[in-house]
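Index from 1, following the sequence. Order of appearance sets the numbers: ligands from 1, and atoms from 1 within every ligand. In this text the structure is predicted, and so the values were computed from the model without any measurement.
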Amino acid sequence: MSHSFDHSSGEAPAIRTRFAPSPTGFLHIGGARTALFCWLAARASGGEFILRVEDTDRERSTAESVQAILDGLAWLELDPDAGPFYQSERMHLYRSAVARLLDEGKAYRCYCSRERLEKLREASMERGEKPRYDGHCRHLDRPPEGVEPVIRFRNPDSGTVAFRDRVRGPIAFDNRELDDLVIQRTDGTPTYNFAVVVDDLDMRINLVIRGDDHINNTPRQINLYHALGAEAPEFGHVPMILGDDGARLSKRHGAVGVMAWRELGYLPDAMVNYLARLGWSHGDREHFSRAELIELFRIEDVNRKASRFDVEKLNWLNQHYLRTAPAERVAPELDWHLRRAGLDPAAGPPAADLVKVQAERCETVVEMVQQSRPFYADFDEFDPGAAKKHLRPVAAAPLQAVRDRLVETEWTPEALGEAVRATAEALEIGMGKIGQPLRVALMGHGQSPSIDQTLWLVGRDRALARIDRALAFIAERAATSG
Ligand code: GLU
């Protein structure tokens, strides 16, 4: 064997693996998890992670989808060591491999019409058999004229294809179950099974990690490797992801694209942690940093059983990362969401300050931005209910007093808290009599973090201006009602 993963002989060999998405949609949760497992396997072994875009299906592949996949990977920070390579730019490789197989009699031209194939299919269905091509064109004396042929691989007629899947263990297929696979379409483009083998060989991939929906393709691909005179790589087929109802995860279950989860306010570190645990485990531990994942991940520890997508757990992890991640990890996400909400990150407190105060109160970055709007931009008007209740003439004196004190206060939460307390004390009123009007003055409504933190985040100039605005509002209200 040219590729051996014998862990008993000391150092595990470097894994060369690849993520090979077809660009026909977003980067889905399942694809992202496959990419993560590939990335981890490569990183854990000091190997390489290659990105290959499988865009030979010209009708279904789009440039937007390629971009969406690249964006998704970049967001999760699953950076490839090589690529992206595009199959559409590698056609010469597939053509020359087809030519070689034709030359060596390991592939042949097939002229069968759609109608004939359809009849064949129906006949086998009637007999209760799996549809198989019958090898009709293997020995054609006189090919029909004017028909553009497909190229078929001459699959061995007997014997078994056996391999040890690194997730699922030993697997064997009988060659009699496999028919002669189309490897090149009439338009000259290669089919998935062929292009994938030519590329994995050319890229010297030694471990293929992919979804187990491909498991039936694997014996066909192994036969192709052998026909091309090569050993097959090893395989690790990862089980699928189910929704909470036990059906395969789909749009029905909510957001399935990773970038949709970004838009919902999840952090990439939370997502990576969550995806890793979706089918992989290490004891009963739940929290893993990237470095820990790299240290601990082994493809053999991936579950054989399908895993269920659990939003509760993702929420829990997201909040954990919001609370514990260093501010510089959260800041880029916060900036992105502020901009998305039409706010300017530079017009308010630094991300680190905001996170320190708001993380406890929020499960997602979106929630954090929703609750932080007044720290970044002026509000249009006071919430009528809150204003009616708290911006009354009795609040004018406390607001004025606290303003006078704030002008001279150092802008730290401690000093600000002290200033509000001292004002209440001097006026001999309860904290609520000053805190609530002040909060409405600063935020436009009655919900915010503690008053010292609120002042701190609003900032000196903005806080003073907003208190003035509230005082003017109270004065006007007094004038019109009285
Ligand atoms: N393009 C295939 C897919 O997206 C890749 C399968 C493989 O990794 O071989 O399903």
inquiry  = If only side-chain N and O atoms count, and only distance matters, is there a donor-acceptor pair under 3.5 Å linking Gln221 with Asn193?
reply    =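 Yes, Gln221 and Asn193 have a side-chain donor paired with an acceptor closer than 3.5 Å.
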Which residue and heavy atom of the protein sit nearest atom 5 (C) of ligand 1, plus the separation = Ala20 O, 3.1 Å
query = Starting from atom 8 (O) of ligand 1, which protein heavy atom do you reach first, and at what distance in Å?
reply = Arg18 NH1, 2.7 Å
message = Filter on ring pair (Phe, Tyr, Trp, His ring centres under 6.0 Å), then keep only pairs touching residues 285-323, sequence neighbours left out; what's left?
response =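 Ring pair (Phe, Tyr, Trp, His ring centres under 6.0 Å) check on residues 285-323 returns Phe37-Phe297, Trp261-Phe309, Tyr274-Phe309, Trp280-Phe288, Trp280-Phe297, His287-Trp316, His287-His320.
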request  = Taking all heavy atoms of Asp200 and all of Arg52, pick out the closest pair and write down the distance.
outcome  = OD1-NH1, 2.7 Å
Atoms in ligand 1 flagged as close to [X], the criterion being non-hydrogen separation under 4.0 Å:
X: His214; value: 2 (C), 3 (C), 6 (C), 10 (O)
X: Val196; value: 9 (O)
X: Glu54; value: 1 (N), 2 (C), 5 (C)

request  = Quick one: list whatever passes side-chain contact (heavy atoms from CB on, under 4.5 Å) with Asn223, sequence neighbours left out.
outcome  =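 With sequence neighbours excluded, Asn223 shows a side-chain contact (heavy atoms from CB on, under 4.5 Å) to Phe153, Asn155, Pro156, Val161, Asn175, Leu178, given in chain and number order.
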query = Can Tyr192 be said to touch ligand 1, with heavy atoms closer than 4.0 Å?
reply = yes
message = Run the side-chain contact (heavy atoms from CB on, under 4.5 Å) test on His136 and Tyr111 for me, step by step, so that the C-alpha distance in whole Å, both residues' side-chain angles and the decisive distance to 0.1 Å come before the verdict.
response = CA-CA 9 Å; His136 176 77; Tyr111 299 85; over 6 Å; no
ask   = Less than 3.5 Å between some nitrogen or oxygen of Ile209 and one of ligand 1, yes or no?
value = no
request  = Please say which of Arg168, Arg166, Arg164 ends up in a salt bridge (Lys or Arg N to Asp or Glu O under 4.0 Å) with Glu300.
outcome  =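 Of all the options given, the one that passes is Arg166.
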